[in-house]
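Report on one structure; see the data block that follows.
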Amino acid sequence: RSTDSQAMDLVFSVLRFFPSESTQSLLKDVLTCVFKRITKDKTVKYTRSLLIFFSRLFLLHEPRNIVQLFNSMQSNLFSMVVGKIYMTEIQNMSSQLEKKVSL
C-alpha cells in the first residue's frame with residue numbers, strides 16, 4: 001500500500017520502454033490487478049496514481065484500443081471508470097496542476 005505509486009510508475013515504465021508487441025499481452029493482466037486493488041482497498045493516493053497511470057496509458061497506446069480492452073474485460077467498464085473514478089476524483093482535486101496531470 002505504501003509503494004502503490006512507485007509500482008504504478010514502474011509498470012508504466014515497462015509499458016513505455018519495452019516494445020508494445022511484448023507488453024500488449026500483459027496489459028490486460030496489469031489492468032486486472034489494478035482493478036482488483038482499487039476494489040479491495042480504495043485510497044485517495046492510489047486513485048490519483050491510477051488516474052495518472054490511465055492518462056499516461058492513453059498517451060502511449062491508441063485510445064480506441066484501450067477503450068476496447070477495458071470493455072473486453074467487462075461490458076461498459078470504460079464508461080464506469082470515467083464516471084465513477086475520473087469524474088469523482090477530478091471534483092475532489094484541489095489544484096489545477098493535479099487536474100491537468102490527470103486529464
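All values below come from the heavy atoms of this structure, side chains included, with hydrogens, waters and symmetry mates left out. As the structure is a prediction and not an experimental result, all values here were calculated from the model.
At least one side-chain heavy atom of L27 sits less than 4.5 Å from a side-chain heavy atom of I66. Using a 4.5 Å heavy-atom cutoff, the side chains of F12 and L60 are in contact. Inter-residue side-chain proximity for Q68 and N65 is flagged as met; some heavy-atom pair is nearer than 4.5 Å.
The CG atom of L57 sits 13.5 Å away from atom CD1 of I52, with the distance rounded to the nearest 0.5 Å. Atom CZ of residue F53 and atom CZ of residue F58 lie 10.5 Å apart, to the nearest 0.5 angstrom. Between the CE atom in M8 and the CG atom in L51 there is a gap of 9.0 Å [rounded to 0.5 Å]. Atoms CG and CG, from L31 and L50 in turn, are 9.0 Å apart once rounded to the nearest 0.5 Å.
Legend: residues meeting side-chain contact (heavy atoms from CB on, under 4.5 Å) with S75, ordered by chain and number and at least two apart, are absent. The side-chain contact (heavy atoms from CB on, under 4.5 Å) test applied to Q6 returns T3, not counting sequence neighbours. Shown here are the side-chain contact (heavy atoms from CB on, under 4.5 Å) partners of V81, two or more places apart in sequence or in another chain: F35, F54, F70, L77, I85, Y86.
Other members of the cluster containing V14 are F18, with ILVMFWY side chains joined at under 4.5 Å, either directly or via other members.
Cluster annotation: L10 is not connected to V30 through the hydrophobic network of ILVMFWY side chains, with a link wherever side-chain heavy atoms come within less than 4.5 Å.
When all heavy atoms of K42 and R37 are compared, the pair lying nearest together is N-NH1, 4.2 Å.
Identified under the side chain to side chain donor-acceptor pair (under 3.5 Å) test for residues 7-19, with sequence neighbours left out: D9-R56.
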